[in-house]
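A quick write-up on the structure given underneath.
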Amino acid sequence: MDAQTLLDWYDANARAMPWRVPPVTDPMASSSTNRRADPYSVWLSEVMLQQTTVAAVRDYFIKFTTRWPTVTDLAAAPDEDVMAAWAGLGYYARARNLLKCAREVTARGGRFPDTEAELLTLPGIGPYTAAAIAAIAFDLPAVVLDGNVERVMARRHAVVEPLPDSKQTLRALAASHTPQVRPGDYAQAVMDLGATICTPRNPACGICPWMSECEGRLAGIATELPRKRPKKAKPVRHGTAYFARRPDGAELLETRPPKGLLGGMLALPSTDFSDDPQPAPPLEANWQIAGEVRHTFTHFHLILTVAVATSAATPERGLWVEAANPDDLPTVFAKALRLARSHR
DNA sequence: GATACGTGGAA
DNA sequence: TTTCCAAGTAT
């Protein structure tokens, strides 16, 4: 059976990860002794892994589980602590939804639901994450369909229709492979395959456990699958960030509005990011230009001018803080803060 | 269905 | 330097 081939490969090649329980390869061990990762670890890791690499997630996962060992601990954390801990990982709506979800689960008794349908109702849990938690934490035969599985299925069955049009076709193919036995390990196996062998560029077809049945490889088109619609060009936008320092050394920061770009994150007061940003200094001062920061977001390039000033004036917005930690800010503002501090 | 939403590493 | 892209979700 196809799935068994992947499970055998996974048993021999599963990568160690802080949130993962290694597969039980002892043939005497029954499924009842096959330990599962706890739902909190699975949920937290899967949310962090949304559009994010394993390498980037690892240290954040350890930081979060050390500081907040259970979903109830996380639910009790102040918003600003969680947002600061998430700083640098990106897609900050995930952190806002993480807290909402932790608080909902805690209000329901502190246990994650064990069905896809119930998981899907929680904030920040979409079709992929609901299936992943059902499979990995509860060993249910949910159809896990992420970018890895889409790529593996497109190649395995030589699907030439471009994404996202082919999404439902790929989902049906993924469902056709999902086994009733060890579905949780299978889900991780097929994603590991995509991450390590069936990679976007230069796939290692020669050592692939599905080498002999891969229609894409047999047709010589595996590497060019899955096809995707061309992406739009990113426009360049501009803005100014203001770094105000008080004579006693305090620095002026502000929390951004709760929605939209970098929503809810600690930041330097700044203009909007647009073609023609309007000046918006948080206080009257002799502003000087420290330099520029260039940063690329998902859908635009930003050229951010960094202005600095020393003043004891009362700001129109923001909050004086004694010692801001750049690592508590989104990367673009961490860059701006470091540049501003280096300006004499 | 289209768009908004981060970041850093690889080629 | 530029482009691509990684275990997606919300609206």
Side-chain angles (χ1 to χ4, degrees), chain A residues 15 17-20 37 41-61 83 86-98 100-101 119-133 135-137 142-152 162-168 171 174 184 187-196 198-202 223-224 226 228-237 256-265 267 273 293-302 327 329-335:
Chain A
R15 297 183 297 167
M17 298 178 194
W19 50 86
R20 176 175 280 180
S41 295
V42 175
W43 164 71
L44 180 61
S45 62
E46 290 300 340
V47 171
M48 287 182 166
L49 286 163
Q50 288 166 8
Q51 297 289 285
T52 309
T53 58
V54 168
V57 165
R58 183 171 276 110
D59 289 348
Y60 282 88
F61 178 84
M83 300 311 286
W86 195 277
L89 196 54
Y91 283 140
Y92 298 99
R94 292 185 297 171
R96 303 194 297 270
N97 286 327
L98 192 80
K100 283 185 198 168
C101 182
L119 288 163
L120 209 41
T121 67
L122 291 167
I125 297 182
Y128 163 73
T129 305
I133 295 171
I136 298 170
V143 179
V144 171
L145 188 66
D146 71 337
N148 286 309
V149 182
E150 288 176 350
R151 183 171 60 256
V152 169
L163 281 166
D165 312 63
S166 58
K167 182 113 177 170
Q168 291 315 312
R171 176 173 293 283
Q188 295 174 90
V190 66
M191 288 191 284
D192 265 24
L193 185 75
T196 62
C198 196
T199 50
R201 284 173 291 212
N202 302 315
T223 302
E224 48 192 272
K228 295 183 180 180
R229 296 281 181 67
K231 297 181 168 66
K232 292 182 180 174
K234 294 183 203 296
V236 177
R237 296 184 187 171
R256 291 176 63 85
K259 291 183 177 179
L261 188 73
L262 312 178
M265 297 299 292
F273 304 151
V293 164
R294 287 168 188 271
H295 190 81
T296 298
F297 293 99
T298 308
H299 52 296
F300 65 94
H301 301 287
L302 175 66
D327 292 337
L329 278 53
T331 299
V332 62
F333 285 113
K335 289 182 189 173

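Everything quoted here is computed from the prediction, not taken from an experiment. We use all heavy atoms of the structure for the numbers below, so side chains are in, but hydrogens, waters and symmetry mates are not. Each chain gets a letter, A, B and so on, in the order its sequence line appears, and its residues count up from 1.
If you check every strand for non-hydrogen atoms under 4.0 Å, A/Thr331 touches sugar and phosphate atoms only. Using a 4.0 Å heavy-atom criterion, one finds that A/Gly263 contacts no nucleic acid atom at all. Looking at heavy-atom distances under 4.0 Å, A/Leu262 makes contact with sugar-phosphate atoms alone, never a base. Residue A/Arg256 is out of contact with every strand shown, counting any heavy-atom pair closer than 4.0 Å. At a threshold of 4.0 angstrom between heavy atoms, the contacts of A/Pro164 with the nucleic acid are absent. Using a 4.0 Å heavy-atom distance criterion, A/Met265 is classed as making no nucleic acid contact. Base engagement by A/Val54 is indicated by at least one non-hydrogen atom pair under 4.0 Å involving a base atom. Within 4.0 Å of A/Gly194, counting heavy atoms only, lies no atom of the nucleic acid at all.
Residues forming a side chain to side chain contact (heavy atoms under 4.5 Å, CB included) with A/Pro162 (at least two apart in sequence, or on another chain): A/Asp165, A/Arg227, A/Arg229. Not counting sequence neighbours, the partners of A/Thr223 by the side chain to side chain contact (heavy atoms under 4.5 Å, CB included) test are A/Pro203. Remark: A/Thr53 pairs with A/Ala55, A/Ala56 by the side chain to side chain contact (heavy atoms under 4.5 Å, CB included) rule, at least two apart or across chains. Residues meeting the salt bridge (charged side-chain N to carboxylate O under 4.0 Å, His left out) test with A/Arg171, sequence neighbours left out: none. In this structure A/Phe273 satisfies the ring-ring contact (aromatic ring centres under 6.0 Å, His included) test with no other residue, sequence neighbours excluded. Residues meeting the salt bridge (charged side-chain N to carboxylate O under 4.0 Å, His left out) test with A/Lys167, sequence neighbours left out: A/Glu150. With sequence neighbours excluded, the residues forming a side chain to side chain contact (heavy atoms under 4.5 Å, CB included) with A/Gln50 are A/Val47, A/Arg94, A/Thr129, listed by chain and number.
Comparing C/dA6 with B/dC5, their P atoms are spaced 22 Å from each other, to the whole Å. When the P atom is compared between C/dT9 and B/dG8, the two are found 22 Å apart, to the nearest whole Å.
Atom-to-atom, CD of A/Glu46 to C1' of C/dG8 comes out at 11 Å; the value is rounded to the nearest Å.
Of the possible donor and acceptor atoms, none in the side chain of A/Thr199 sits under 3.5 Å from a partner among the backbone N and O of A/Thr196. At distances below 3.5 Å, at least one donor-acceptor pair connects side-chain atoms of A/Arg151 with backbone N or O atoms of A/Cys198.
Close approach of DNA chain B to chain A, defined as any atom under 4.0 Å from a non-hydrogen atom of the protein, starts and stops at B/dT3 to B/dG8.
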Interface polar pairs with nucleotides 2-6 of chain C, N/O, under 3.5 angstrom:
unit_1: C/dC5; atom_1: OP2; unit_2: A/Lys231; atom_2: NZ; d: 2.9

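For the pair A/Arg229 and A/Lys335, nearest-nucleotide mapping onto DNA chain B gives the more 5' position to A/Arg229.
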